[in-house]
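All figures in this text were calculated on a predicted structure; none of them were measured in a lab.
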Amino acid sequence: MITLKSEREIEKMHEAGKLLAATHKEIAKMIKPGITPMDIEKFVEKFLTDNGATPEQKGYQGYPYATCASVNDEVCHGFPTDKPLENGDIVTIDMVVRLNGGLADSAWTYAVGEVTEETQKLLDVTKTALYKGIEAAVVGNRLGDIGHAIQSYAEGEKFSVVRDFTGHGIGKTMHEEPTVLHYGKPGKGTRLKEGMTITIEPMLNAGTWHCKMDSNGWTARTADGKLSAQYEHTIVITKEGPFIFTNQD
């Protein structure tokens, strides 16, 4: 069941989103060759605790970390490790923040040092695809309009859209209805209403959209070993248009 959020619930989610955005801004300052995903993990957990928040995904269905840190061909749910990031790598840091009962979810892909022109294009197109999806998230549109906006743009730029992982509703819990696909047909799916809170989080691959799972049961990576990037915001549908809780600007 899809729940429409009250003004009070929306305000709590906005506060969580502002803290999450601030966390990503701090991470951006840390990213350089030699840093490890575990360094970022430890920083995030302390930063959230110091600001009265908790990492919602730690312990979720047994997941052991405050962040997901997905490097290069890892699509999502990468475990933070002590392996230093190298010049030319990319790393996606994904986290869910709970603050005073409000939840927010956001992932961001970071370039480590100098990346190739092709890698930078993947990052740029994935981020733009996110915002094209958000632009379609207006009252009266349908979920298929979001997916179509992302898919048509991404495939037009010669990247593939991951099918196995999706956006979702969020509110009292981290994953609620509806499922938000990043591909689809315009005019299809659930109609968007004022007060709906969802994540939009396209994962684009440089090669095939197919994924394979690591033996840890969590981490997905591209089936062909090519790079994957992801950008994610938590938003609320309003009469005035989509409002981004996790906006970093």
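For the pair Thr23/Val44, a side-chain contact is recorded, criterion being any heavy-atom separation below 4.5 Å from C-beta on. For the pair Leu20/Leu99, no side-chain contact is recorded, criterion being any heavy-atom separation below 4.5 Å from C-beta on. The shortest distance between side-chain heavy atoms of Pro178 and Ile198 falls below 4.5 Å. Using a 4.5 Å cut-off on side-chain heavy atoms (C-beta onward), His14 and Glu11 make contact. At least one side-chain heavy atom of Gln57 sits under 4.5 Å from a side-chain heavy atom of Cys68. Within the 4.5 Å cutoff, the side chain of Asp164 has heavy atoms near those of the Trp209 side chain.
Under the 3.5 Å distance criterion, with hydrogens and angles disregarded, no donor-acceptor pair is assigned to the side chains of Thr222 and Asn205. Side chain to side chain, His77 and Asn216 fail the donor-acceptor criterion of an N or O pair below 3.5 Å. Between the side chains of Thr116 and Glu118, no donor-acceptor pair of N or O atoms lies under 3.5 Å.
Here the side chain of Ser70 pairs a donor or acceptor atom with the backbone of Gly78 at under 3.5 angstrom. Between the side chain of Ser160 and the backbone N or O of Gly207, at least one donor-acceptor pair lies under 3.5 Å. Although no hydrogens or angles enter the test, the distance criterion places a donor-acceptor pair under 3.5 Å between the side chain of Arg191 and the main chain of Gly140. Looking at Glu9, its side chain does come within 3.5 Å of a backbone N or O of Ser6 through a donor-acceptor pair. Of the possible polar contacts, none joining the Thr54 side chain to the Glu56 backbone as a donor-acceptor pair under 3.5 Å is found. At distances below 3.5 Å, not a single donor-acceptor pair connects side-chain atoms of Asn51 with backbone N or O atoms of Ala53. One N or O on the side chain of Glu74 and one on the backbone of Val71 form a donor-acceptor pair closer than 3.5 Å. Between the side chain of His182 and the main chain of Glu201, a donor-acceptor pair closer than 3.5 Å is present. Between the side chain of Lys5 and the main chain of Thr3, a donor-acceptor pair closer than 3.5 Å is present. In this structure, Asp145 contributes its side chain and Pro186 its backbone to no donor-acceptor pair below 3.5 Å.
In terms of heavy-atom proximity, Asn87 sits nearest to Glu114 at OD1-N, 2.8 Å. Closest approach of Phe47 to Leu19, counting heavy atoms only: CE2-CD1, 3.9 Å. The two atoms that bring Met95 and Ile93 nearest to each other are CE-CG2, 4.0 Å, heavy atoms only. Shortest non-hydrogen contact noted between Val139 and Lys193 is CG2-C, 4.4 Å. In terms of heavy-atom proximity, Pro80 sits nearest to Tyr63 at CD-OH, 4.0 Å. For the residue pair Phe165 and Cys211, the shortest heavy atom distance occurs at CE1-SG, 4.4 Å.
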Output, in order, the C-alpha distance, side-chain angles, deciding distance and verdict of salt bridge (Lys or Arg N to Asp or Glu O under 4.0 Å) for Glu15 and Lys18.
CA-CA 5 Å; Glu15 291 304 311; Lys18 285 191 283 190; 3.0 Å; yes
The test is salt bridge (Lys or Arg N to Asp or Glu O under 4.0 Å); show your working for Asp73 and Lys226 and say whether it passes.
CA-CA 5 Å; Asp73 68 325; Lys226 294 187 177 180; over 6 Å; no
Dump the intermediate steps for side chain to side chain contact (heavy atoms under 4.5 Å, CB included) on Tyr110 and Ile27, then the final yes or no.
CA-CA 9 Å; Tyr110 298 95; Ile27 292 169; 3.8 Å; yes
Evaluate the side-chain hydrogen bond (donor to acceptor under 3.5 Å, both in side chains) criterion for residues Thr109 and Thr92: first the C-alpha distance (whole Å), next the side-chain angles of each, then the deciding distance (0.1 Å), finally the verdict.
CA-CA 4 Å; Thr109 302; Thr92 302; 2.7 Å; yes
Does Tyr65 form a side chain to side chain contact (heavy atoms under 4.5 Å, CB included) with Met38? I'd like the steps, not just the answer.
CA-CA 10 Å; Tyr65 302 104; Met38 187 56 73; 3.9 Å; yes
Show, in sequence, the C-alpha distance, side-chain angles and deciding distance for Glu41 and Phe79, and conclude whether the side chain to side chain contact (heavy atoms under 4.5 Å, CB included) test is met.
CA-CA 10 Å; Glu41 163 76 12; Phe79 283 12; over 6 Å; no
Side chain to side chain contact (heavy atoms under 4.5 Å, CB included) between Glu232 and Asp105, worked out:
CA-CA 7 Å; Glu232 172 188 16; Asp105 187 357; 2.9 Å; yes
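Grouping the Ile, Leu, Val, Met, Phe, Trp and Tyr side chains by contacts below 4.5 angstrom, directly or via other members, places Val75 apart from Tyr231. Neither Leu123 nor Met203 shares a network with the other; the hydrophobic side chains, linked directly or stepwise wherever heavy atoms of I, L, V, M, F, W or Y lie under 4.5 Å apart, form separate groups for each. By the criterion of side-chain heavy atoms lying less than 4.5 angstrom apart, applied directly or through intervening Ile, Leu, Val, Met, Phe, Trp or Tyr residues, Ile150 is grouped together with Ile244 in one hydrophobic cluster. Transitive grouping of hydrophobic side chains (ILVMFWY, heavy atoms separated by less than 4.5 Å) brings Trp108 and Leu85 into a common cluster. One hydrophobic cluster, built from ILVMFWY side chains closer than 4.5 Å, cannot hold both Val162 and Val125; they sit in different ones.
A distance of 10.5 Å separates CD1 in Ile237 from CG in Leu4, rounded to the nearest 0.5 Å. One finds the OG1 atom of Thr119 at 5.0 Å from the CG atom of Leu227 (value rounded to the nearest 0.5 Å). Atom CD in Glu26 sits 12.5 Å away from atom CD1 in Ile40 (nearest 0.5 Å). Once rounded to the nearest 0.5 Å, the distance linking CD of Glu176 with CE of Met196 reads 10.5 Å. Distance check: Lys121 NZ to Leu204 CG gives 11.5 Å after rounding to the nearest 0.5 Å. Note that CZ of Arg98 and NZ of Lys58 are 16.0 Å apart. Values are rounded to the nearest 0.5 Å.
Residues passing the ring-ring contact (aromatic ring centres under 6.0 Å, His included) test with Tyr153, sequence neighbours excluded: none.
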With a 3.5 Å cut-off and sequence neighbours excluded, list the donor-acceptor pairs that the side chains of residues 126-138 form with protein atoms.
unit_1 : atom_1 : unit_2 : atom_2 : d
Thr126 : OG1    : Leu122 : O      : 2.6
Thr128 : OG1    : Asp124 : O      : 2.9
Tyr131 : OH     : His233 : NE2    : 2.9

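Using a 4.5 Å cut-off between side-chain heavy atoms of Ile, Leu, Val, Met, Phe, Trp and Tyr, Phe243 falls into a hydrophobic cluster with Ile10, Met13, Tyr60, Val96, Leu103, Ile170, Met174, Val236, Phe245.
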